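Okay, structure first, notes after.
A, B, ... follow the sequence lines: proteins, then strands. Residue 1 opens every chain. Only a predicted model underlies this, so the values are computations on that prediction, with no experimental measurement involved.
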Amino acid sequence: MTAMQTPPLGLYVHLPWCVRKCPYCDFNSHAAPEQLPVETYLAALRADLDRELERAGGRTIASVFIGGGTPSLFPPEAVGRVLDWLAPHLEAGAEITLEANPGTLEQGRFAAFRSAGVNRLSIGVQSFDPARLEALGRIHGPDEARRAVEAAHAAGFTTFNVDLMFALPGQTPAAALQDVAEAVRLGAPHISHYQLTIEPNTVFYSHPPALPDEDTAWAMQQACDEHLRGQGLRRYEVSAWARPGHACRHNLNYWAFGDYLAIGAGAHGKISDAATGTIRRYRKVKVPALYMDRARNGRAEAEAWPLPVAERPLEFLMNALRLEQGFTPELFADRTGMDYTAVASGVAQAVADGLLEDADGRIRTTTTGHAHLDTLLQRFLPETS
Amino acid sequence: MKHIRNFSIIAHIDHGKSTLADRLIERCGALTGREMSEQVLDSMDLERERGITIKAQSVALQYHSRDGNTYQLSIIDTPGHVDFSYEVSRSLAACDGALLVVDASQGVEAQSVANCYTAVDEGLEILPVLNKIDLPSANPEEVLQQIEEIIGLETDNALMISAKTGQGIDELLEAIVKHVPAPRGKPEDPLKALIMDSWFDNYLGVVCLVRVFNGQINVGEKIQVMSTGREFQVDQLGMFTPKKTAMKSLETGEVGFVVAGIKDIDGAPVGDTLTHKYAPCAERVPGFKRVQPRVFAGMFPISSEDYESFRDALSKLRLNDASLQYEPENSAALGFGFRCGFLGMLHMEIVQERLEREYGLDLITTAPTVVYEVETTDGEILNISNPASLPPMHEIAEIREPIILGNILVPQSYVGAVIALCEEKRGKQRDMQFVGNQISLTYELPLSEVVLDFFDRLKSASRGFASFDYDLARFQAEDLARLDILINGDRVDALALIVHREHAHRRGRELTDRLRELIPRQMFEVAIQAAVGNHIVARSTVKAMRKNVTAKCYGGDVTRKRKLLEKQKAGKKRMKQVGKVEIPQEAFLSVLQVNNNE
């Protein structure tokens, strides 16, 4: 074992409500009641945060991500209060992202969110094609989507993300390309470009829509990648594209196997203790009503477990190999507390097989390894776990 | 001796053989209710699940008849599949009568017909018994008529019973006493006892189940096994009542077990004769054969670390299964394993299932093949049970394939379908005769066509009514060649097979198509080729998988995504890596599926 180094720390805040649940969504989101229990939820977050700050032991927070659900359903004033609590614990220039839907109501709040301290938006556009938006069960139309991006600019956000999905029910390769082109044209400095996948416990899982086949989806991706690259965006992670300087620092910290605190219903956290060389993962109570009740009594945590040494290489690689820049052996040692030799032979084999490359002191995926990352990662699963 | 009755129960699967045996045991008071575990006779899990008996067993019961005498009834169990037809004939040879049990609502089915004819051949008195007579769907009259027409048995003495409720069991016991003949034999003659089954016991060594035809056998005597001349001393004798009960001697006509310090199963072959060392009998019980495996297949552990435990498991199975053969085989594609010989496909499946279930092994089995006789240009004769070990074609003068002479007994209405099947399997008709309402067909067939799925096909072509047995007739020169399968240019020895040269293109096409369906897409394109020598006769391609990468993965998802990886990896557990290509187990048996699709 080598000495673990204390990694940067982020904070994830989960706001679990949406106007309605989308058929593809497997996140911890719930249809919002008539009246959002804003005050009760804030009280729960406050109590939850106090425990988390104890856990942080004085470490400062480098980034905040307010996700959901649809956090933009919350009034800016409520978001402002959470950020006020956090202010003394934030690093200077901390990135503060809020997920927002392109609804009319939310767009009106963008400026107020910005005044409250949010400095980055992540807008759930998904597509600019009305038929695709309907198939996805989205409540917004293409015009609202365009106006949301324009509103983000107008509200003074210098950086923000547009979420897009491809390989949608009934989508043609040309339509997929059009979505990407439209987002670029609207000046999005960051685009998350995901292939739609059908996850268990979703409506699409029990009632599967007809999706483009593997070869068509691949062709779509190739065309979109080419366009994004041609327009000056760079892929820095499997599904994340950004103009220089616009990569999401909060997500980069996940992928570099950093630490993150977590507050809110069902939120997951990870925290390392360099002194003891331990890493713990934990999860908050999932059901919003139960969470609000428990959190206010100091019992927001549903479960917590140590990450065994044997499982660290896989979990590190699961994250770090998603990044185009890959990782250095030093980062592996700092974050896992393990000697790089733990993965050296596996890495060497993957290099020999053309899945990884080892150059300039960095280990990163090759084109093949990038496309088949899950196949590659299986090699690093601990035996009989 | 006149109070002994030795009989077996012939029945189709599910027609109630085991339940009836249980009821007879219970009625004779041999076991208390608490001791009656369901279905005493079928003891192996597999036997119970498949509803077939693999090893013969016997139970001796004391029955107090209405005539005031006490009779010793021995129920002798018989296996029920063509793979085990020799074992059946030896069990039946030990009987003087048989109960033909037929489900009163389902009627006569093929398995009982085949065994019934074996019983008739052995000169047994057959007593028809209609079971499940209590069911509303029972149709005894029609079934009795079937028995007369299909099997040609008189049904005047037929009994109507319900093994489940016990109805008619008393009458059945009386009928057994009345109609099954007492054994005939000469107590004063030298010992002549038939080994009807033998098995290995961890504490006792080999236990033989015998029927004494002449003379008697006593504890402490020196005996010999006639085919080998090997000598042993009798340590224990007894019967299963069904509890194991020791006795000092077994008399003429009795069925019981013998323990005589025999160390391995080959020391007491089924069908062989036991006699005294110093006063041997003149001739053996007729019908003894050395059982030869007819089907060979390679078996390989998926994980090479399992090789030693695989060897152990095979040696343990072999203790109880004289017809299982194995020798080490080294495949370039599959690594170290064993070439195993079986009686037939069912036997192979049973062995594979037992190895996987009882010994926890994950195995890949290659396509089964028969033994070919190869004459080299040097005049040497080779027995080839593995296509991979076929010499290069220029060193071969002639390849000869085994031909069997098969007898099929089938009701007239199905004869057309059965003849069509035989023709499809390259059969040549040798004889056709009317036997009552049945037709007896004699065909010469290549064994390679018979071992794969012939029995199953025959059953479906005749709605289960045809019976089938066969003997190896001869080896016949044919224009045969090895069909090789190449995966990404590498010859995969475990996928090779021997085919008729004129069928090579068709078989090659079928195989490459089938493999394309079975081999999952991988990171790279997989080329599949079929070749005879250096001549490619068919090809297909498995296109490369475009990608396999999780689209979204953030902090909270790690645990879930990891489970996904584990699931994907578990899915590959039954795949074998050949070169860089992962080949699923089914691919190695794809030859069989090709046949099924024909």
Side-chain angles (χ1 to χ4, degrees), chain A residues 10 12 14 26-28 65 67 165 167 192-197 199-200 214-215 217-219 221-222 237-239 250-251 253-255 258 260 262 266-270 281 283 305 307 311 314-315 318-319 322 353-355 365 368-381 385, chain B residues 301-306 309 360-362 487-490 516-517 519-527 540-584:
Chain A
Y12 178 74
H14 194 73
D26 68 332
F27 285 9
N28 184 30
F65 196 102
M165 292 201 280
S192 293
H193 193 233
Y194 304 108
Q195 178 166 351
L196 171 64
T197 49
E199 302 294 336
E214 190 187 342
D215 291 337
W218 179 253
Q221 186 178 350
Q222 297 303 103
E237 186 262 357
V238 171
S239 303
H250 184 82
N251 287 342
N253 186 45
Y254 288 143
W255 296 322
Y260 42 97
H268 286 251
K270 164 184 175 278
R281 290 192 177 280
R283 177 177 70 79
W305 62 98
L307 181 60
E311 297 177 11
L314 172 75
E315 295 215 352
M318 264 178 79
N319 285 288
R322 297 185 69 82
D353 295 339
L355 301 173
T365 54
T368 311
H370 180 86
H372 295 274
L373 182 57
D374 288 0
T375 312
L376 168 60
L377 288 171
Q378 284 165 37
R379 301 181 177 194
F380 295 94
L381 274 169
S385 52
Chain B
I302 287 185
S303 161
S304 58
E305 292 130 47
D306 286 344
S309 34
L361 295 162
D362 283 319
I487 305 271
N488 277 357
D490 295 327
R516 180 179 55 200
E517 290 165 27
I519 296 176
R521 284 179 153 200
Q522 328 230 340
M523 282 191 283
F524 38 81
E525 194 172 275
V526 179
S540 67
T541 306
V542 179
K543 282 199 291 180
M545 182 193 267
R546 295 302 197 172
K547 62 174 182 177
N548 177 29
V549 52
T550 304
K552 271 189 187 188
C553 184
Y554 297 108
D557 298 328
V558 176
T559 314
R560 249 173 4 137
K561 301 300 178 202
R562 210 190 116 157
K563 285 201 176 114
L564 207 78
L565 291 179
E566 277 164 4
K567 215 167 121 189
Q568 280 192 7
K569 194 183 184 188
K572 290 188 185 165
K573 209 175 154 218
R574 295 192 70 86
M575 303 241 224
K576 189 82 188 180
Q577 183 120 5
V578 175
K580 284 177 123 185
V581 184
E582 275 159 342
I583 302 182

Using heavy-atom distances under 4.5 Å, tell me whether A/Leu314 contacts chain B through its side chain, its backbone, both, or neither. side chain
The interface call for A/Tyr260 against chain B, heavy-atom contacts under 4.5 Å, is side chain
Could you grab the distance from atom OH of A/Tyr12 to atom OH of B/Tyr554, nearest 0.5 Å is fine? 10.5 Å
Between CZ of A/Phe380 and NZ of B/Lys569, what distance do you get to the nearest 0.5 Å? 11.0 Å
Audit row: B/Arg562, A/Glu311, side chain to side chain contact (heavy atoms under 4.5 Å, CB included) steps and yes/no: CA-CA 10 Å; B/Arg562 210 190 116 157; A/Glu311 297 177 11; 2.6 Å; yes
Is the closest side-chain heavy-atom distance between [X] and [Y] below 4.5 Å?
X: A/Asp215; Y: B/Lys543; value: yes
X: B/Glu582; Y: A/Thr375; value: no
X: B/Met523; Y: A/Asp353; value: no
X: B/Val558; Y: A/His268; value: no

In terms of heavy-atom pairs under 4.5 Å with chain B, which of A/Thr197, A/Leu196, A/Asn251, A/Val238 leads? A/Asn251
Contact winner vs chain B - A/Lys270, A/His14, A/Arg281, A/Glu237, heavy-atom pairs under 4.5 Å: A/Arg281
So which atom in [X] and which in [Y] form the shortest heavy-atom distance, rounded to 0.1 Å?
X: B/Ala551; Y: A/Ser239; answer: O-OG, 2.7 Å
X: A/Asn319; Y: B/Cys553; answer: OD1-SG, 4.5 Å
X: B/Leu565; Y: A/Leu381; answer: O-CD1, 3.7 Å

Positive for side chain to side chain donor-acceptor pair (under 3.5 Å) with B/Lys547, one of A/Gln195, A/His370, A/His372, A/Glu214: A/Gln195
Can you list the residues that meet the salt bridge (Lys or Arg N to Asp or Glu O under 4.0 Å) rule with A/Asp26, with sequence neighbours excluded? B/Arg560
Salt bridge (Lys or Arg N to Asp or Glu O under 4.0 Å) partners for A/Glu199, two or more places apart: none
B/Lys561, part contacting chain A, at a heavy-atom distance under 4.5 Å: both
Just do the side chain to side chain contact (heavy atoms under 4.5 Å, CB included) check on B/Thr550 and A/Met318 with the steps written out, would you? CA-CA 10 Å; B/Thr550 304; A/Met318 264 178 79; over 6 Å; no
